[in-house]
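Because the structure is predicted, anything quoted here is derived from the model rather than measured. Every chain is numbered from 1, with letters handed out A, B, ... down the list of sequences.
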Amino acid sequence: MPEGHSIHRLARQFTSVFAGQALQVSSPQGRFAAGAARLDGHVLTGAQAHGKQLFLEFDNDLFLRIHLGLYGAFDFGGDESFRGASSIGAPRRVGEQEAPDDGGLGTYTGPPPPKGAVRVRLVSPHGWADLRGPTACEVITDEERHVVLQRLGPDPLQQAKDGAEDFARRLASRGSPIAALLMNQEVLAGVGNVYRAEVLFRQRISPWTTGRSVQPEQAHALWNDVVDVMADGVAQGRIVTTLPGDRSDQAEPVPVSEAHYVYKRQGLPCRICGTDIALTEMAARKLYWCPSCQAG
DNA sequence: GGAAAATGATTAT
DNA sequence: TAATCCTTTTCCG
């Protein structure tokens, strides 16, 4: 998943290619036919992300709420205005796919026949977007949207002024291990399994440290690091958490094998100390960490 | 062809 | 904690 950085990229993509235009909304798969009918023909007035939630706003005061879950993803295609990434969401191969180069010949004539289980298809005069595999895809009102937002912690990608303090407060009020709290969207909105492991390593924090025992300065530093690393994820369209000096290969773009400190590196030597990276389950998800650098 | 895995979250036991 | 949902890709036979 699409962790928070992907959702913010989606909001940006929808704003740039669809905002201000009337969209044909359909559900080729059929499972979202009723919802699609309520939006069909309306103008997309905006797109916002909060954590892993994506809201598409239409001119009839309704919102399309989308949560990609583990394997949801959007595919895009169209004319030259669609020249960015063509796929955003669950990694199909590695990171996002670059748009196929049609030479900018203005050959776009319309969306292709839907392939597979397309829950929603959005079509403008300039291009299309297909959504597959989301956990949530529903039409809601503004009040319902606020109910969703109220349950979320601060989003490091939204730059709220009191984000760090808010995060520190939410951490300090709980006794669970920090590696579980970072995945809890009521504590911090947008972090998933990759960022939680990588950020804890970058800050050299033991995954079993309880939220309560995290010092305010440490919580602050952690927040700032999450902001940095996720903002970079938005810019790059992929998660790269290693510092250049900690990579054994300086190639650009950063090879997948050099992008992380601990995520999916169990049994491999820690980039800092050489200790084997460990793997455990926490909160029903795989947790990767360095037993030495992150000793409790 | 089938199973397993994948950057998630809710609900039930 | 376990079961469940959603879909595609990868790996194995």
Asks: Starting from P on B/dT10, measure out to CG on A/Leu152 and report it in whole angstrom.
Replies: 9 Å

Asks: Can you check the A/Leu54 CG to B/dG8 P distance for me, whole Å?
Replies: 16 Å

Asks: Are A/Phe55 and A/Leu149 side-chain neighbours, meaning at least one heavy-atom pair lies under 4.5 Å?
Replies: yes

Asks: Out of B/dG8, C/dT8, B/dA6, which has the shortest distance to the side chain of A/Arg132?
Replies: C/dT8

Asks: In whole angstrom, give the distance that lies between atom CD1 of A/Ile66 and atom C1' of C/dT7.
Replies: 15 Å

Asks: Does A/Gln29 put a side-chain nitrogen or oxygen below 4.0 Å from OP1 or OP2 of C/dT7?
Replies: yes

Asks: Taking the nucleotide of DNA chain B with the nearest heavy atom to each, does A/Lys264 or A/His67 sit closer to the 5' end?
Replies: A/Lys264

Asks: Write down the distance between CG (A/Leu188) and C1' (B/dA9), rounded to a whole number of angstrom.
Replies: 16 Å

Asks: Do the side-chain N or O atoms of A/Arg151 get closer than 4.0 angstrom to the phosphate oxygens (OP1, OP2) of B/dA9?
Replies: no

Asks: Round to the nearest Å and state the distance from A/Ile88 atom CD1 to C/dT8 atom C1'.
Replies: 18 Å

Asks: May I ask you to verify if any side-chain N or O of A/Lys115 is less than 4.0 angstrom from the OP1 or OP2 atom of C/dT8?
Replies: no

Asks: Taking the C1' atom in each of B/dT10 and C/dT8, what is the distance between them to the nearest angstrom?
Replies: 22 Å

Asks: Check the distance between B/dG8's P and A/Met282's CE and give it to me in whole angstrom.
Replies: 15 Å

Asks: Once you round it to whole Å, what is the distance between C1' of B/dA9 and CG of A/Leu68?
Replies: 13 Å

Asks: Counting N and O atoms only, with roles assigned by atom type, does the side chain of A/His8 sit under 3.5 Å from a partner on the main chain of A/His50, one being a donor and the other an acceptor?
Replies: no

Asks: Which part of the nucleic acid, if any, lies within contact of A/Arg285, taking any heavy atom under 4.0 Å across all strands shown: a base, the sugar-phosphate backbone alone, or nothing?
Replies: base

Asks: Could you work out which one of C/dT7, B/dA6, B/dA9 sits closest to the side chain of A/Gln185?
Replies: B/dA9

Asks: Take atom CZ in A/Arg204; do more than 12 heavy atoms of anything else shown fall under 6.0 Å from it?
Replies: yes

Asks: Measure from CG on A/Leu70 to C1' on B/dA5 and round the result to the nearest Å.
Replies: 9 Å

Asks: Strictly distance-based, threshold 3.5 Å: is any side-chain N or O of A/His260 a donor or acceptor partner for the main-chain N or O of A/Val262?
Replies: no

Asks: Can you tell me how the ring of A/Phe167 sits relative to the ring of A/Trp223, calling it parallel under 30°, perpendicular over 60° and tilted otherwise?
Replies: tilted

